[in-house]
Structures are given as C-alpha cells and as structure tokens.
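The block underneath contains the structure these notes are about, expressed in structure tokens.
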Amino acid sequence: MTVTFESLNAGDSIEGPSFAVSRESIRLFCDASLDYNPLHLDDDYMKGSFGKTQFGGVIMHGMNNFGLISRMITDWAYPAGAIHRRLETRWVKPVRPGDTIRPSGIIKAKQVTAKSRWVVIDVVVRNQDEERVATGEAMVEFPL
Amino acid sequence: MAEAQTFETDFWKDAQSRKGWDEIVPGEPRQTIPYTLTREAIALYCKSVGETHPLYFDEAYARTTRYGGLIAPPSIHIMLMFACTPADDWMRSPGTVNAGQSWSYNVPARPGDVIRLEARALDKFIKRERLFVVHDNVFFNRAGEVICSGRGWTIRPM
C-alpha cells in the first residue's frame, strides 16, 4: 500500500516478505556477496569452535538478514517517492538451513528537519518460531 | 584505472598472510581495489535476496524515476565489501563472525560505476573473552560522490 509522510503514525507496521533458508540459498548469497567464509559452507569447520563461538553447523550470512530488511524498506518506500537512507542491525540469533525468516518494521518516529522529512523505523527479523534473529533501526527520507 | 582482480573464493588459500587481531592497527587504511559494478553482479545479488523491483532491471522504467536510470539496491555494499578488497584482507579470515553493521546511503550505485572503497579498522577491543574489531568503510563513484558509508563489528577468530 502506498503511504504518504502525512498519513504515517508511530506504531504503524511494515511487513516484509518471508524467506526460506536452505543450503542453496546460503550458497547463492555467498556467490552474490563474494563472501565465502566457511561459516556458511563448511560443515566440518563448523563442528569446531572459534573466537569463543560455536554454532554446531553452517549458518546463514548475517548480511542476508540485512539485505532482506533493506528489500522490505525499499519496496515500502519507493512507491511513496521516499528514499532508504540508513539501516543499522545487530544479529541476535543464528539462522540455519530449514529456517524461514521474515522481516517487519514498526514506525517509531517522524521528524521534519530544515530541508527534509524523515521516518525512523524499528526493524526486526523473526524465524518460524517467532524468535528474533536480527534487530535494528532504519531511516527513510520523504523529500520535500 | 585498474580493474578488479579475479576474485579468490577459497578463503583458506591466503589465510596465513592475513592480519590477526594483534596485528590490526586501528586507524590504518586497508588496501582496496577499484571495482566496476556490472548488471550481472547486481542481478545475482538481487536473486540471492529476492529483489524484483524494476529499478534494478528495467532500463525504460528506471529512466522515468527520480534516479533517471538503473540503480543497484542500497545493500549492494554487501558485495562491494569483498569485491573491493584483496585476497589477503583480514575480513576474509575464516571464522570471522559479523556481529552487526550500520550503513548510510547517499547516492545509489549504478551498473557501470567504477567504485572505490576507503576502509580501515577503527577500533579493537575485548568483550566477554571475544576479540572484536570495528571497521569503517566509505564507497565512492568515479565522480567522487559518496555512495554509502558504514561501520561494522566483527568477532575475530582466535
């Protein structure tokens, strides 16, 4: 649904697309991002621990979450003539093959500055068990 | 201007030549490589996250928008981070764990852009027995415009 800056209110929600995670989707993201870290590809390596971290198996690239959130923001902003200007995320839980994840957002604040108009959005990615796997904050500009 | 080298996909191959946490100097620039962004690279990235917006694929449509032509999705920097750095860059150390990132977008990257990265470690610290490095990155197009700037937190392998 196309939105306007004036019609937006704190608490309004944005729904993103669901994304099925598989070994193939993880491999495709490696090819697309050029990130071939064994975290995402090497089962034997992931049986061990490194950096005080142990995942027990391959995990999805955290930036895949970032890309999904970004896709949700732009698909929401473009029809309104708005521009995705910032995204900050933290990864809170690993995502594994077989998971299905989905980003969503809730508008936190609107602000008008000297030269433009801005919307701040709390974003989250949840898995099929409604667990949060990534959280963050986005800024979208509605140019005057 | 030099084109990007053939990309090394084996992250073990140059593992011994990369800096470990102890050798990383906050503030010291990382070596980077200019990279020419292609429509094919954009299309592959879009496929990997399900991006289907015509701004990334349909030249005739894109010309009618505020962008005046095809652009890449904002998060294309995910790919540019590796495209613009050499095989011995410490970000390719096996076991590097991404803890979070923040990015600000200025002008979009476009197919055909020769993109340059200025990058450095910005900070390193130990927290809950884990070795962290903070890195910052700024991508420019050939006109010297900032495409985007960002900062990330990684846990370094021991």
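Chain letters run A, B, ... following the sequence lines, proteins first and then strands; every chain starts at 1.
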Self-check item: chain A interface, residue from B:G95, B:S104, B:P108, B:C148 that has the most non-hydrogen pairs under 4.5 Å
Solution: B:G95
Quiz prompt | Same cluster (ILVMFWY, side-chain, under 4.5 Å), B:F140 and B:M81 | solution = no
Exercise. With a 4.5 Å cut-off on heavy-atom pairs, point out which of A:M63, A:M46, A:R90, A:H61 contacts chain B the most.
Key: A:M63
Quiz item: If you take all heavy atoms of B:R66 and A:I83, which pair is closest and at what distance?
Solution: NH1-CD1, 3.9 Å
Quiz item: Of the backbone (N, CA, C, O) and the side chain (C-beta and beyond), which part of B:S93 lies under 4.5 Å from a heavy atom of chain A, both, or neither?
Solution: backbone
Quiz item: In terms of heavy-atom pairs under 4.5 Å with chain B, which of A:L68, A:N64, A:D35, A:L39 leads?
Solution: A:D35
Quiz item: Do you reckon A:Y45 sits in the same ILVMFWY cluster as B:I155, going by side-chain contacts under 4.5 Å, direct or chained?
Solution: yes
Quiz item: Counting heavy-atom pairs under 4.5 Å to chain B, which of A:E88, A:E137, A:M139 comes out on top?
Solution: A:E88
Exercise. Can you tell which part of B:P73 gets under 4.5 Å to a heavy atom of chain A, answering side chain, backbone, both or neither?
Key: neither
Exercise. Grab the two heavy atoms, one from B:P74 and one from A:H84, that are nearest each other, plus how far apart they are.
Key: CG-CD2, 3.9 Å
Quiz prompt | Centroid-centroid under 6.0 Å between B:W12 and A:Y36 rings | solution = no
Quiz item: Which pair of non-hydrogen atoms, one from B:F11 and one from A:L34, has the smallest distance, and what is that distance?
Solution: CZ-O, 3.7 Å
Self-check item: Minimum heavy-atom distance between B:I71 and A:Y78, given as atom pair plus value
Solution: CD1-OH, 3.8 Å
Self-check item: Side chain, backbone, both or neither of A:P17 within contact of chain B (heavy atoms, under 4.5 Å)
Solution: neither
Quiz prompt | side chain to side chain contact (heavy atoms under 4.5 Å, CB included), paired with B:S48, selected from A:D31, A:I26, A:L28 | solution = A:L28
Quiz item: Checking A:R85 against B:W103: charged group under 6.0 Å from the ring centre and within 45 degrees of the axis?
Solution: no
Quiz item: Among the clusters formed by ILVMFWY side chains lying less than 4.5 Å apart, do B:V107 and B:I76 turn up in the same one?
Solution: yes
Quiz item: Where does A:T74 contact chain B at under 4.5 Å (heavy atoms): side chain, backbone, both or neither?
Solution: side chain
Practice problem: Write down the atom of B:Q101, the atom of A:F66, and the distance for their closest heavy-atom approach. | Solution: O-CE1, 4.1 Å
Quiz item: Are A:I121 and A:V112 connected in a single hydrophobic cluster, I mean Ile/Leu/Val/Met/Phe/Trp/Tyr linked by side-chain heavy atoms less than 4.5 Å apart?
Solution: yes
Quiz item: Nearest 0.5 Å, what's the NE2-OG distance between B:H77 and A:S33?
Solution: 11.5 Å
Self-check item: NZ-CZ distance between B:K47 and A:F29, expressed to the nearest 0.5 angstrom
Solution: 14.5 Å
Quiz item: Is the CZ atom of B:R151 crowded by more than 12 outside heavy atoms at less than 6.0 Å?
Solution: no
Practice problem: Below 4.5 Å from any heavy atom of chain B, which atoms of A:D42 appear? Answer side chain, backbone, both or neither. | Solution: side chain
Quiz item: Which bit of B:Y56 is near chain A, if near means a heavy-atom gap under 4.5 Å: side chain, backbone, both or neither?
Solution: side chain
Self-check item: Greater than 12 external heavy atoms within 6.0 Å of B:E23's CD
Solution: yes
Self-check item: Structural part of B:W153 lying under 4.5 Å from a heavy atom of chain A
Solution: side chain
Practice problem: For residues B:Y45 and A:G67, report the shortest heavy-atom separation together with the two atoms involved. | Solution: OH-CA, 3.5 Å
Practice problem: With a 4.5 Å cut-off on heavy-atom pairs, point out which of B:I78, B:N106, B:T65 contacts chain A the most. | Solution: B:I78
Quiz item: Would you say B:Q16 has more than 12 foreign heavy atoms packed within less than 6.0 Å of its CD?
Solution: no
Quiz item: Can you say whether A:N37 sits under 4.5 Å from chain B via the side chain, the backbone, both, or neither, judging by heavy atoms?
Solution: both
Quiz item: Side chain, backbone, both or neither: which part of A:F19 has a non-hydrogen atom closer than 4.5 Å to chain B?
Solution: side chain
Quiz item: Relative to chain B, which of A:G136, A:P38, A:G62 shows the most heavy atom pairs under 4.5 Å?
Solution: A:P38
Self-check item: B:F82-B:V138 co-clustered via ILVMFWY side chain contacts under 4.5 Å
Solution: no
Quiz prompt | Winner by heavy-atom pair count (cut-off under 4.5 Å) against chain A, out of B:T9, B:V97, B:L44 | solution = B:T9
Practice problem: Under 4.5 Å heavy-atom distance to chain A, tell me which part of B:L80 shows up: side chain, backbone, both or neither. | Solution: neither
